[in-house]
Amino acid sequence: MKAFHYPLLLMASLIVACQHSPRLDVTPSAGDLSFTDFASRWDEAIPLGNATVGALVWQHGDTLRLSLDRVDLWDLRPSDSLAGPDFTFQWVKDHIRRQDYRPVQKKLDDPYDREPGPSKIPGAALELALDSLGRPSAVELYLNNALCEARWDNGARLLTFVHATEPVGWLVFEGLPEDVTPEIVMPRYSLEGTAGEESPVTGQDLRRLGYKQGEVTSHADGDVHSLVYHQPGYDDFSYDVAVSWERRGDALYAAWSLTSSMTPDQALAKTQEALKRGVESDYRSHMDYWDGFWAASSINVPDSVIQRQYLNEMYKLGSAAREDSYPISLQAVWTADNGHLPPWKGDYHHDLNTQLSYWPVYTANHLQEGLGYLNTLWDQRDVYRRYTQQYFGTDGMNIPGVCTLTGEPMGGWIQYSMSQTVAAWLAQHFYLHWRYSADPDFLAERGYPFLKDVATYMEQQSEVKDGVRRLEYSSSPEINDNSLEAWFPEMTNYDLSLMQWLFGAAFEMASALDLPDEAAHWAAVRDELPVLDLDEKGGLTFAPGHPYDVSHRHFSHAMAIHPLGLVDWSQGEESQQIIRATIESLKEHGPDYWVGYSYAWLANLQARAHDGEGAAETLRTFAECFCLPNTFHANGDQTRSGKSRFTYRPFTLEGNFAFASGVQEMLLQSHAGRVEVFPAIPAEWRTAVSFDNLRAMGGFLVSATMEEGRVTRLSILSERGGELRLLSPLTGEEEVYPTTPGQRLTLI
């Protein structure tokens, strides 16, 4: 499947109208995906989605295939090993002290690899026979419209989209032979066949789940025909896939839906309602969402690779995140369609994956999309508190580092899947929402209460000896994997930086709420922590006595720089030297065991170091070497050009979204308490670069243009009023502006 780029003229808002009925107008963009054929693999398919349901459009043999998925399709069977009197961190520490770690691995690590559930599960597929049509001549994904179009030389044409706000997808196929109708292809839960290779990365065979194979039934109501697939799952869980269609002249109009027993929606009713509304009506309401999504913010950089990838990352964000949906999991609504469970069970990895996936929502002015993450974390607090009381034996709240849809722990490498500090990193997203929105109600009602719960746990989990607060055993994802040596006897910079940030943020939030006693308490707890450990060159280490001396995918030791901002370029030479030395150490030991998200994270670090040249080069490497033709992040180096020794291709999303965050960090930074435009752009961008409505902390929407090395436009909208601190692009000095709610400042 060969890709090609649109010419630059498509960057204009040219409206292209489809020449046949129905009228579904599209607006091409510089990021649109354009191919000369359908993909022949599920992970290279055209992705469509709305955070609740999703589809992958590709060709399987001689059939057009839409692989259908839904966010709440989960096998939620409990893990027997994550229970009982030994399911405590105290039991784990006893085995660490005795240097007898194998019992811990057998009880808490091994079941994740061995048992098929709990796990995300796939839905089903729709297929249409294409043997009479052959291969298409063009396949397009229009990002602005979240619509896929395919065309054949004989005039046949397919239009398909997933409705932005309904659990419904549409297919309009013109020129399709009358005897071709949709078929539902069931996942192989108990069908005959031979199981293939199995591992947490490749995914276990679906048949290991032990489900009774579902059934497909047909229905007819006048000219409307329907198929319904009902699949029972674990316990009383089930899901339904329905497709309803009718013929209008030479065109097939079909609507599909996928619903689960976790919601009251009925798939067949949803498809029939869609047909009654009609595709044009549904497309108009679909575009109401997408027009608003794209209007929220935009960027324009003179690097076609980075611009195209950024637009695709924003498209995936709009397809995978909603305020009223569950958070983005490893593959979101694009679960593997290969007869296996998805890579790493498609679960919620909180040791990096979910956090990176939401990095771009703040600066991109997509706070609403980010609320799906925060709402779920908020709603599952009772689950987290039970886990915390049982496993850690404390009050307050920690969160499993690897968990199910409903927040239950799944085990795995427990240094990270049940990390002591993971909730602090998750709490940062509540802090970031408050700082970027400047919403005092969110601070009082959710932000501080959530973070206070985590800080209460963290204070009790740590201990003070000789006036210094510490953890008895510490870890750093995913250093030394799941071995005994992954437990460090001294505080790792990962755990330490999260604790420093957590208690500091608790102090800041309590102060903002005028709670002086609580603020003073958190400040005192923070001041008991040791300082970050540095190596002989001044860079951050894994832990005392353990410098960064091996290539590793997870930059957990550098958390203090990004995303936490404890060590920041604005603090002066001492901090700048720590940042330089830390990045140089990463480069010195090389990318042998990096994955795609490592490059995306590095670009964020480089942008914080005001290294625009380095950040741009790193982002290009990510886009060109670690992404499939449909822009999905595939973890390994797909070019086999030495950018990593990992050359495999498990698809996960966090690298994609961390890429978008890296671009934003190059264009706008506000984490240090002041707004700075174009802080880290390469020289070649200075001739023409711009952005509109990127969000800065304090509730400020910033728009700016640079031409020929000079900022020629700078406009800032203050949503809530308050003091704006700006590093002037003209003088290089900090300037302070008092603002009122709704005031727009035109500064250049």
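The analysis underlying the following values was restricted to heavy atoms, covering all of them including side chains, and did not include hydrogens, waters or symmetry mates.
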State which residues pass side-chain hydrogen bond (donor to acceptor under 3.5 Å, both in side chains) with Thr406; sequence neighbours excluded, sorted by chain then number.
Thr404
Between [X] and [Y], does any side-chain N to carboxylate O distance fall below 4.0 Å?
| X | Y | result |
| --- | --- | --- |
| Arg322 | Asp324 | no |
| Lys316 | Glu313 | yes |
| Lys345 | Asp347 | no |
| Arg649 | Glu44 | yes |
| Asp69 | Lys120 | yes |
| Asp453 | Arg385 | yes |

What's the separation between atom [atom1] in [X] and atom [atom2] in [Y], rounded to the nearest 0.5 Å?
| X | Y | atom1 | atom2 | answer |
| --- | --- | --- | --- | --- |
| Asn353 | Trp344 | CG | CH2 | 8.5 Å |
| His429 | Gln355 | NE2 | CD | 5.5 Å |
| Thr160 | Ile46 | OG1 | CD1 | 10.5 Å |

Tell me, do [X] and [Y] make a side-chain contact under 4.5 Å, heavy atoms counted?
| X | Y | result |
| --- | --- | --- |
| Leu374 | Phe442 | yes |
| His633 | Phe659 | no |
| Arg695 | Leu367 | yes |

Is a donor on one side and an acceptor on the other found under 3.5 Å between the side chain of Asp351 and the backbone of Tyr416?
no
Distance-only, no hydrogens or angles: does the Gln461 side chain make a donor-acceptor pair with backbone N or O of Asn398 under 3.5 Å?
no
If we count only N and O atoms by modelled type, under 3.5 Å, do the side chains of Tyr373 and Thr354 hold a donor and an acceptor together?
yes
Check whether the side chains of Asp282 and Trp170 place a donor and an acceptor atom closer than 3.5 Å, and report yes or no.
yes
Apply the test side-chain hydrogen bond (donor to acceptor under 3.5 Å, both in side chains) to residues Thr181 and His225: give CA-CA distance (whole Å), side-chain angles for both, the deciding distance (0.1 Å), then the verdict.
CA-CA 9 Å; Thr181 58; His225 300 269; over 6 Å; no
Using the rule given for side-chain hydrogen bond (donor to acceptor under 3.5 Å, both in side chains), can you reason through Asn656 versus Thr631, listing the C-alpha separation, both sets of side-chain angles and the distance that settles it, and then say yes or no?
CA-CA 8 Å; Asn656 290 117; Thr631 73; 5.1 Å; no
